[in-house]
Engineer: 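Next up is a structure, given as structure tokens.
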Amino acid sequence: MSSNEKSLELSSRPAAETYVASVCFKLGPPQLIGAELEWLTHTVDGERPSLNSIAAALGEYAPRSIAPDSPALSLPGGSAVTIEPGGQIELSSAPHASVAELQNAVDTDARVLTTLMNAAHLGMDAVPADVDREPLRLLRLPRYCAMENRFTTIGPYGKLMMCNTAATQVSVDAGADPAQIALRWEMLEAVGPALVAAFACSPALRGAPDGEWASQRMRTWLELDGSRTDVPSTGDPISDYARWALDVPLLCIRSDGDNWEAPLGTSFAQWIEDNTLIGRVPTIADLDYHLTTLFPHVRACGHLEIRYLDAQPEEQWVVPAAAFDALLGTDAVTAEATALTADTRGRWIDAARDGLADPAMRSAAEQLLRLAADHSPDHSEILIDAADRCRRGDPPAAATINSSRADKETV
């Protein structure tokens with residue numbers, strides 16, 4: 001879409017809903033898979049590195065958010081590098097035709113990142129929660145200022161999420177038609193709690209309120225802002241998502257200045273209905289940006305972005321990626337996976353709090369991973385190992401080393 005088209009004004013809710021449906025759910029045969037990995041970063045003495053030091057380390061790969069004049073090149077495997085508010089590094093892969101191709105590209109790019117950072121005496125830790133440092137926002141972009149200001153009115157979880165957590169995200173194609181999209185969407189939502197439990201490895205988080213949780217990272221999202229994370233369901237995810245997106249309160253509105261604040265409680269739909277609330281008519285570009293401020297467990301952004309998993313120990317991110325790929329391999333397997341979740345679907349809080357200590361979560365996680373192993377010849381061994389781990393009730397192997405400073409002397 002051209003810049004002129006992006007500037008087109010939105011004058012009705014139906015037009016806006018139609019646009020959301022068209023850009024958030026791209027129809028086509030499911031073929032591709034991608035991943036986003038995040039790492040906490042630190043200096044040799046365990047402190048947060050400055051953004052300038054990260055930019056210098058990354059060189060031509062540095063994102064423009066921290067180096068405005070950078071060419072922001074993709075890494076050799078095609079991945080892009082971005083920086084999260086607390087200085088976390090995120091690697092966003094290109095889409096690939098198979099998990100094997102994805103793994104090769106992402107692991108190659110991760111090694112390049114590690115080499116660059118180590119050469120600058122900076123470290124990267126594949127852990128989902130910072131257990132040592134209080135949350136501190138380094139990125140001062142207007143978006144994150146507005147985000148912190150808004151989330152702080154709710155509690156401590158927004159800043160913790162922004163600055164002290166890291167995730168593993170997997171992206172898959174939405175589906176060939178609305179019926180298949182509905183099938184795939186339902187499955188990804190249904191298996192979510194069991195797989196949150198299966199891959200939970202953040203029992204500690206510096207700055208979190210008291211309480212024992214298997215995934216403190218997921219806790220931050222669940223406690224954050226339900227209006228921005230919970231998509232209502234009628235069985236038609238395309239229409240549900242479009243309606244919900246317009247009813248979510250505005251988080252921020254881009255402007256030429258540094259103040260991107262939005263009127264508290266005003267939704268995008270209300271902005272369309274009464275443009276005096278903001279002082280101008282909203283445009284397609286405004287709606288595009290609003291969509292980036294929505295944080296559901298599964299986000300529709302053309303493809304489906306699965307956002308509910310903790311960052312996994314080094315190179316183990318491929319286990320959930322292979323599981324999702326297998327469970328979405330055919331419509332029959334996808335339906336079978338959904339059927340396995342009768343006792344766990346919707347139980348997000350139980351999953352994040354109790355993890356595999358919950359018998360139903362443990363059973364569902366094991367069954368889902370064994371089903372995935374049956375339909376993933378190239379990754380059956382690691383999926384069976386993960387299923388066996390879940391049966392024992394054990395977290396991912398390296399979770400017990402949940403200190404972002406455990407290996408700082410080797411940096």
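FYI, side chains are in, hydrogens and waters are out, and symmetry mates aren't considered; it's all heavy atoms of this structure.
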Engineer: Relative to each other, are the rings of Tyr241 and Trp185 parallel, tilted or perpendicular (30° and 60° limits)?
Structural biologist: perpendicular

Engineer: Using distance alone, with no hydrogens and no angle criterion, decide if Thr283 and Asp286 have a side-chain donor and acceptor under 3.5 Å apart.
Structural biologist: yes

Engineer: Pick from Val81, Leu141, Ile54, Asn52: which one makes a side-chain contact (heavy atoms from CB on, under 4.5 Å) with Ile66?
Structural biologist: Ile54

Engineer: Counting C-beta onward and ignoring hydrogens, is there a side-chain heavy-atom pair between Ile83 and Gln88 closer than 4.5 Å?
Structural biologist: no

Engineer: Say whether Asp225 and Ser227, considering side chains only, have a donor N or O and an acceptor N or O under 3.5 Å apart.
Structural biologist: yes

Engineer: Do you know which two heavy atoms are closest between Pro142 and Gly257, and how far apart they sit?
Structural biologist: CG-O, 4.4 Å

Engineer: For Ile349, look at atom CD1 and say whether over 12 heavy atoms of other residues, nucleotides or ligands are found less than 6.0 Å away.
Structural biologist: no

Engineer: Between Pro396 and Cys201, what is the shortest heavy-atom contact and its length?
Structural biologist: CD-CB, 4.1 Å

Engineer: Give, for atom CE of Met361 and atom CG of Leu195, the distance between the pair rounded to the nearest 0.5 Å.
Structural biologist: 10.5 Å

Engineer: For Gln216 and Arg219, does a side-chain donor sit closer than 3.5 Å to a side-chain acceptor?
Structural biologist: yes

Engineer: Ignoring hydrogens and angles, state whether a donor on the side chain of Thr344 or Thr341 is under 3.5 Å from an acceptor on the partner side chain.
Structural biologist: no

Engineer: Stepwise, does the side-chain contact (heavy atoms from CB on, under 4.5 Å) test hold for Gln103 with His96?
Structural biologist: CA-CA 9 Å; Gln103 182 179 18; His96 291 273; over 6 Å; no

Engineer: So do the side chains of Tyr61 and Leu75 get within less than 4.5 Å of each other, counting heavy atoms only?
Structural biologist: yes

Engineer: Side-chain contact test, heavy atoms from C-beta onward, threshold under 4.5 Å: evaluate it for Trp317 versus Asp107 and give yes or no.
Structural biologist: yes

Engineer: Can you list the steps and then say if Asp388 with Arg370 is a salt bridge (charged side-chain N to carboxylate O under 4.0 Å, His left out)?
Structural biologist: CA-CA 9 Å; Asp388 290 342; Arg370 292 199 189 284; 2.6 Å; yes

Engineer: What's the verdict on side-chain contact (heavy atoms from CB on, under 4.5 Å) for Ile253 and Ile278, showing C-alpha distance, side-chain angles and the deciding distance?
Structural biologist: CA-CA 9 Å; Ile253 300 173; Ile278 309 299; 3.4 Å; yes

Engineer: Less than 4.5 Å apart, any side-chain heavy atom of Leu188 and any of Val172?
Structural biologist: yes

Engineer: Minimum heavy-atom separation for Ala146 to Trp260, with atom names?
Structural biologist: CB-O, 4.2 Å

Engineer: Does one side chain, of Asp331 or Gln180, offer a donor that lies under 3.5 Å from an acceptor on the other?
Structural biologist: yes

Engineer: Apply side-chain contact (heavy atoms from CB on, under 4.5 Å) to residues Arg48 and His42 and explain how you reach the verdict.
Structural biologist: CA-CA 5 Å; Arg48 294 180 195 269; His42 62 86; over 6 Å; no

Engineer: Could you tell me the separation between the CD1 atom of Ile238 and the CD1 atom of Ile181, rounded to the nearest 0.5 Å?
Structural biologist: 4.0 Å

Engineer: Counting only heavy atoms from other residues, nucleotides and ligands, does the tally under 6.0 Å from CD of Glu381 exceed 12?
Structural biologist: no

Engineer: Measure across Arg133 and Asn164 and return the closest heavy-atom pair with its distance rounded to 0.1 Å.
Structural biologist: O-ND2, 2.7 Å

Engineer: Looking at Asp358 and Arg347, is there a salt bridge between them, counting it only when a charged N and a carboxylate O are closer than 4.0 Å?
Structural biologist: yes

Engineer: Within a strict 4.5 Å, meaning less than it, do heavy atoms of the Val281 and Leu10 side chains meet?
Structural biologist: no

Engineer: List the atom of Ser70, the atom of Ala72, and the distance in Å for their closest heavy-atom pair.
Structural biologist: OG-N, 2.9 Å

Engineer: Checking Ser215 against Arg353 for the side-chain hydrogen bond (donor to acceptor under 3.5 Å, both in side chains) test, could you report, in this order, the C-alpha distance in whole Å, the side-chain angles of both residues, the deciding distance, and whether it holds?
Structural biologist: CA-CA 6 Å; Ser215 175; Arg353 184 186 59 227; over 6 Å; no

Engineer: May I ask you to say whether Arg243 pairs ionically with Glu17, meaning some side-chain N is under 4.0 Å from a carboxylate O?
Structural biologist: no

Engineer: In sequence, state the C-alpha distance, the side-chain angles, and the governing distance for Asn149 and Glu261, and then conclude on side-chain contact (heavy atoms from CB on, under 4.5 Å).
Structural biologist: CA-CA 9 Å; Asn149 290 342; Glu261 301 290 340; 2.8 Å; yes

Engineer: With a 4.5 Å limit on heavy-atom distance, are the side chains of Ser93 and Asp109 in contact?
Structural biologist: no

Engineer: Could you grab the distance from atom CH2 of Trp271 to atom NE2 of His290, nearest 0.5 Å is fine?
Structural biologist: 10.0 Å

Engineer: List the steps, then state whether side-chain hydrogen bond (donor to acceptor under 3.5 Å, both in side chains) holds for Thr82 with Glu90.
Structural biologist: CA-CA 5 Å; Thr82 54; Glu90 179 179 275; 3.3 Å; yes

Engineer: Would you name the heavy atoms of Gln312 and Pro320 that are closest together and state the gap between them?
Structural biologist: CG-CG, 4.4 Å

Engineer: If you measure from the Lys or Arg side-chain nitrogens to the Asp or Glu carboxylate oxygens, is any gap between Asp310 and Arg217 under 4.0 Å?
Structural biologist: yes

Engineer: Tell me, do Glu336 and Leu371 make a side-chain contact under 4.5 Å, heavy atoms counted?
Structural biologist: yes

Engineer: Are Arg362 and Asp354 ion-paired here, with the side-chain N under 4.0 Å from a carboxylate O?
Structural biologist: no

Engineer: Between Phe151 and Tyr157, is any pair of side-chain heavy atoms under 4.5 Å apart?
Structural biologist: no

Engineer: Between Trp221 and Tyr308, is the gap from one ring center to the other below 6.0 Å?
Structural biologist: no

Engineer: Are Thr338 and Arg345 close enough that a side-chain donor and a side-chain acceptor fall under 3.5 Å?
Structural biologist: no

